[in-house]
Amino acid sequence: MITFIVNPLSAGGRGQKVWSKLEPILNEKGIQYAVHFTEYPAHARELVKTVFQAGEVQAVVAVGGDGTVHEVAQDLVGTEVPLGFIPCGSGNDFARALRIPVDCVKALERILTHRPHKIDMAKINGHYFVNGAGVGFDAAVAKLSNASKMKCWLNYVKLGRFAYAANALRMLSSFRPTDVVLTIDGERVPFSHVWLVAVCNVPYYAGGMKICPQAAWDDGRLDVCIVHNMRRVTLLSNLTKVFSGSHVSVPGVTMFRARTVSVEPAERLYVHTDGECYLTTPVTMTIHSNALNVL
Ligand SMILES: Nc1ncnc2c1ncn2[C@@H]1O[C@H](COP(=O)(O)OP(=O)(O)OP(=O)(O)O)[C@@H](O)[C@H]1O
């Protein structure tokens, strides 16, 4: 039996619309399935636990945004039960990285016909994440985006993925860079005047920003992007380069690859994981090779 976990409110209600399109297709094909709808934040994780307790599970499919994938994946890591994903959030970076079609019917077809394959998973202070985590400026922007009405409006006109970029411009004038010590595979490296530290398992976050262009979900490494010692005006003028990944050659952008990364700033900073902000520093991130089966 395939279990679908649907966030009906993802991208301003797209999750519900997508499910209404998929349900008749599943019935027509005579596929055995169960469906559960999330009713509050973090409910997806509870639902997956309940599904496992109830018995044999063939696959669990997240229908929603990257936040829903993040929650569903937590308890699938280390099991052979594959994760499927029907992307209908505002960012859909996980789908972008794994080349999962944005068309929900094609995404369903892939789930029904694809052989599962293993991907790496990253872990931060005990929680897994699928795409990336960010400390500092990008986490502050993620927090602002999730709380702001702008994301709802942009979702309404199907431009939700630009909410982060729009809020980055708003946050730019007020955010103050700070000193940070990174420990990269055991080596302590101090950085001054740090705007952000992004640690990624896939190239994209925040709705298509190619923050770590070389990141790969099967290389057993975390890719790290540090933006430091950069004037506000320089950051502003180079902001759009992140969509192509060409920001990596701007002075003040330092890239690393590692298996373990710790981030200790001089002051407590927000941390986002897969676009959701529920942690603060200090944090330690590790990579776990071939940890999740994906359809
Ligand atoms: N019924 C609900 N009411 C309120 N919050 C919910 C509900 N269902 C899920 N959530 C929370 O909403 C958050 C975001 O969900 P999701 O990622 O699916 O959509 P999105 O934010 O529109 O997409 P994206 O993450 O791509 O921007 C998740 O962290 C989840 O915990």
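Residue numbers run from 1 in the order of the sequence given. Each ligand, and each atom within it, is numbered from 1 in the order the structure gives.
Here atom 8 (N) of ligand 1 lies nearest to T38 when heavy atoms of V72, T38, V63 are compared. Between N7, D66, D274, N92, it is N7 that holds the heavy atom closest to atom 7 (C) of ligand 1. Atom 31 (O) of ligand 1 has its nearest heavy-atom neighbour, among R14, E71, E276, in E71. Considering each of A11, S90, G64, the one bringing a non-hydrogen atom nearest atom 23 (O) of ligand 1 is S90.
Checked by atom type and distance alone, the side chain of D274 pairs as donor or acceptor with a backbone atom of N131 at under 3.5 Å. Between the side chain of H70 and the main chain of D66, no donor-acceptor pair closer than 3.5 Å is present. A donor-acceptor distance shorter than 3.5 angstrom exists from the side chain of Q74 to the backbone of Y128, with no hydrogens or angles considered. No donor-acceptor distance shorter than 3.5 angstrom exists from the side chain of T234 to the backbone of M230, with no hydrogens or angles considered.
Under the 4.5 Å side-chain heavy-atom criterion for Ile, Leu, Val, Met, Phe, Trp and Tyr, I287 and I119 are members of distinct hydrophobic clusters. Clustering ILVMFWY residues whenever any of their side-chain heavy atoms sit less than 4.5 angstrom apart, transitively, puts V57 in a cluster other than the one holding L26.
When non-hydrogen atoms are compared, ligand 1 lies under 4.0 Å from the backbone of Y40 (N, CA, C, O) but not from its side chain. The proximity of L9 to ligand 1, defined as any non-hydrogen pair under 4.0 Å, is limited to the side chain. Under 4.0 angstrom from ligand 1, the non-hydrogen atoms of E39 all belong to its backbone.
Where the criterion is an N or O separation shorter than 3.5 Å, residue side chain and backbone included, A42 meets it with respect to ligand 1. Ligand 1 has a nitrogen or oxygen under 3.5 angstrom from a nitrogen or oxygen of G67. Of the N or O atoms in G65, one or more lie within a sub-3.5 Å distance of an N or O in ligand 1.
Applying the 4.0 Å criterion to heavy atoms of G91 picks out, from ligand 1, the atoms 24 (P), 26 (O), 27 (O). Listed by number with element, the atoms of ligand 1 under 4.0 Å from a non-hydrogen atom of G89 are 23 (O), 26 (O).
Ligand 1 does not have G275 within reach: every non-hydrogen atom of the residue lies 4.0 Å or more from it. Residue H43 places no heavy atom under 4.0 Å from ligand 1.
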Would L169 and L236 satisfy side chain to side chain contact (heavy atoms under 4.5 Å, CB included), going step by step from the backbone distance to the final call?
-> CA-CA 8 Å; L169 292 174; L236 177 63; 3.5 Å; yes
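Electrostatic pairing of E264 and R188 counts as a salt bridge here, judged by a charged N lying under 4.0 Å from a carboxylate O. Comment: D75 engages K49 in a salt bridge, judged by a side-chain N to carboxylate O separation of less than 4.0 angstrom.
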